[in-house]
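Below is one structure, written out as structure tokens, with a few remarks after it.
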Amino acid sequence: MLPSPVSSNRRGTSQHLRTFSSSDLRRALNLLRSRSRFTNLSIIILAGCFCVSFLYNLAFIFSSFPPSLVTYTPPQSILSTIARNTTLENLSHLVIVPGHAIWTGTQPDQVLDADRWTLEEYQRGGGSYRISAFVEHIRRGVEITLKDDSSLLVFSGGQTRLQSTTTEAESYMRLAISLGLFHPDSKQTTHAPHFPRATTETYALDSYQNFLFSLARFHEITGRYPLQVTIVGYEMKRRRFDELHRTALRFPAHHFEYIGIEPSAHEESARIGEVKNGYAPYQLDLYGCHDFLLAKRRARNPFLRFHSYHASAPELRGLLEWCPDDAGMVYNGLLPWDVYE
């Protein structure tokens with residue numbers, strides 16, 4: 001028997017190939033589709049991981065910027081209680097009178113009565129010349145404010161004495177009102193109309209905070225930051241405010257003025273004390289947040305009060321929290337008054 005023709009084998013082979021190809025093709029297509037689904041899922045997972053990584057890095061980058069750049073809006077429960085006086089929105093000059101003691105009196109004839117003042121031990125004795133200086137600081141601050149319609153007066157000082165139920169700032173305001181300083185042409189002092197361009201800052205525990213917190217308080221009242229700052233205080237503290245506190249806050253020198261008023265009596269021991277307990281410590285600890293100066297703040301906060309300026313002045317949040325290990329390192333974040341330069 002002769003072998004089958006070659007053409008017969010080709011037809012058989014062709015039929016076999018056709019059968020194999022058609023069934024295998026379906027399996028191959030299914031396999032390809034399966035792999036495609038797997039590949040698409042992998043792409044989706046990888047894309048998701050990339051997005052998460054990208055967002056995490058983005059958050060890390062932005063978190064490394066000064067907190068003052070982060071937009072913050074206080075809760076509506078707070079904002080709903082605030083209605084700013086529109087006549088104060090264009091004020092640009094901040095006048096600060098730092099507190100040094102607490103007046104507990106209520107009548108004009110009690111202003112120079114030492115028994116009506118809550119004083120530190122070193123402030124006692126030597127007559128009323130210290131108290132006269134406090135009153136003169138208040139008078140001068142009011143005078144400057146009355147002469148400049150663009151100014152806001154801020155009496156600054158916290159509840160620093162355990163024996164007192166009020167703050168330094170509130171007592172200074174009460175003294176100014178009792179003397180009728182805001183309405184010098186009026187014969188009435190008890191029922192004088194409210195003077196809107198004067199307020200209190202009731203949380204500062206030292207001179208650095210007097211300056212910084214008053215800037216924040218100005219923002220609370222006006223919704224902006226001042227173009228000009230004038231501070232009224234002891235002449236012997238001029239260098240502390242101008243050379244150290246102003247430098248720490250990076251407030252421009254040509255937008256700053258310090259008016260120094262000394263007690264009528266010359267007290268060399270007070271000047272020595274200023275250098276030893278004020279200027280020198282701040283030279284070593286520019287922001288007052290380490291060791292000696294921090295201990296003084298704690299001692300002056302017996303009622304555990306704390307401020308609201310992280311919420312009401314968010315542009316200063318970075319500065320408010322600035323406490324570098326290198327105690328002389330100046331804050332390097334953005335500040336509202338950088339544009340004044």
Side-chain angles (χ1 to χ4, degrees), residues 66-69 88-99 136-157 197-199 201 204 206-262 274-275 278-288 309 312-320 322 324 327-341:
S68 58
L69 294 182
L88 306 180
E89 291 179 351
N90 293 322
L91 300 184
S92 59
H93 180 192
L94 168 61
V95 180
I96 305 172
V97 177
E136 187 58 29
H137 295 166
I138 296 170
R139 288 184 183 276
R140 186 66 65 86
V142 173
E143 289 174 1
I144 294 169
T145 305
L146 291 177
K147 291 178 181 178
D148 182 1
D149 291 338
S150 69
S151 64
L152 176 72
L153 173 62
V154 175
F155 294 117
S156 174
R197 291 191 295 108
T199 189
E201 187 291 304
D206 57 27
S207 56
Y208 170 73
Q209 291 186 348
N210 287 140
F211 197 162
L212 174 57
F213 289 4
S214 293
L215 290 165
R217 180 62 176 151
F218 187 95
H219 184 269
E220 283 186 336
I221 297 295
T222 67
R224 59 187 296 181
Y225 292 96
L227 296 174
Q228 178 73 25
V229 172
T230 299
I231 298 179
V232 181
Y234 281 121
E235 175 60 34
M236 61 184 172
K237 293 188 177 183
R238 176 186 296 273
R239 291 181 61 210
R240 190 202 304 192
F241 275 95
D242 190 16
E243 297 177 10
L244 301 179
H245 298 338
R246 187 188 58 77
T247 297
L249 299 176
R250 299 205 333 258
F251 199 86
H254 55 285
H255 289 269
F256 176 80
E257 181 180 9
Y258 188 88
I259 297 177
I261 301 172
E262 291 289 43
E274 158 59 17
V275 174
Y279 187 87
Y282 274 108
Q283 269 190 313
L284 300 175
D285 183 8
L286 203 55
Y287 295 89
Y309 305 133
S312 61
E315 299 84 359
L316 304 182
R317 288 165 66 188
L319 187 57
L320 288 165
W322 184 254
M329 182 178 178
V330 177
Y331 179 68
N332 57 8
L334 294 180
L335 291 170
W337 38 89
D338 287 343
V339 297
Y340 302 170
E341 295 290 354

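Residue numbers run from 1 in the order of the sequence given. Just so it is clear, the model here is predicted, and its values are computed rather than measured.
The backbone N or O of Val232 lies less than 3.5 Å from no partner atom in the side chain of His137, so there is not a single donor-acceptor pair. Side chain of Trp322 to main chain of Asn332: no donor-acceptor pair is present (N/O by atom type, distance under 3.5 Å, no hydrogens or angles). Side-chain N or O atoms of Tyr258 include one that pairs as donor or acceptor with a backbone N or O of Tyr234 at under 3.5 Å.
Under the 4.5 Å side-chain criterion, counting only non-hydrogen atoms from C-beta, Ser207 is in contact with His245. Residues Glu315 and Leu334 form no side-chain contact, since every pair of their non-hydrogen atoms from C-beta on lies 4.5 Å or further apart. A 4.5 Å side-chain heavy-atom check between Leu316 and Pro336 finds at least one atom pair inside the cut-off. The side-chain heavy atoms of Tyr309 and Leu215, taken from C-beta on, include no pair separated by under 4.5 Å. Two residues are said to be in side-chain contact when any heavy atoms from C-beta on lie closer than 4.5 Å; Glu89 and Arg224 fail this criterion. Using a 4.5 Å heavy-atom threshold, the side chains of Val97 and Arg140 count as separate. Residues Tyr208 and Arg240 are not in side-chain contact: their nearest non-hydrogen atoms beyond the backbone lie 4.5 Å or more apart. When side chains are defined from C-beta on, Glu201 does not count as touching Phe155, because their heavy atoms never get closer than 4.5 Å.
Tested against Phe251, the residues Tyr331, Trp337, Phe256 include a single ring pair (Phe, Tyr, Trp, His ring centres under 6.0 Å) partner, Trp337.
If you take CD1 on Ile231 and CG on Leu94, they are separated by 7.5 Å, rounding to the nearest 0.5 Å. One distance of note links CD of Glu262 with NZ of Lys237; it measures 10.0 Å at 0.5 Å rounding. Within the model, atoms CG of Leu88 and CZ of Arg197 stand 8.5 Å from one another, a figure rounded to the nearest 0.5 Å. Note that OG1 of Thr199 and CZ of Arg217 are 3.5 Å apart. Values are rounded to the nearest 0.5 Å. Interatomic distance, CD of Glu220 versus OG of Ser214, reported as 10.5 Å (0.5 Å rounding). Annotation: the span from Leu153 atom CG to Leu146 atom CG amounts to 9.0 Å, rounded to 0.5 Å.
With sequence neighbours left out, the side-chain contact (heavy atoms from CB on, under 4.5 Å) criterion links His93 to Val95, Ile144, Asp148, Ser150, Ser151, Gln228, Thr230.
Residues Pro98 and Phe241 share a closest heavy-atom pair of CG-CZ, 4.1 Å. The shortest heavy-atom contact between His255 and Leu227 is ND1-O, 2.7 Å. The two residues Ala204 and Asn210 have their closest heavy-atom pair at CB-ND2, 3.3 Å.
In this structure, the ring of Tyr225 has its center no less than 6.0 angstrom from the ring center of Tyr340.
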Determine, stepwise, if the pair Tyr282 / Asp206 fulfils side-chain contact (heavy atoms from CB on, under 4.5 Å). CA-CA 11 Å; Tyr282 274 108; Asp206 57 27; 3.0 Å; yes

Can Tyr279 and Met236 be said to form a side-chain contact (heavy atoms from CB on, under 4.5 Å), step by step? CA-CA 10 Å; Tyr279 187 87; Met236 61 184 172; over 6 Å; no

Determine whether Val330 and Tyr287 satisfy the following criterion, side-chain contact (heavy atoms from CB on, under 4.5 Å), listing intermediate values before the conclusion. CA-CA 9 Å; Val330 177; Tyr287 295 89; 3.7 Å; yes

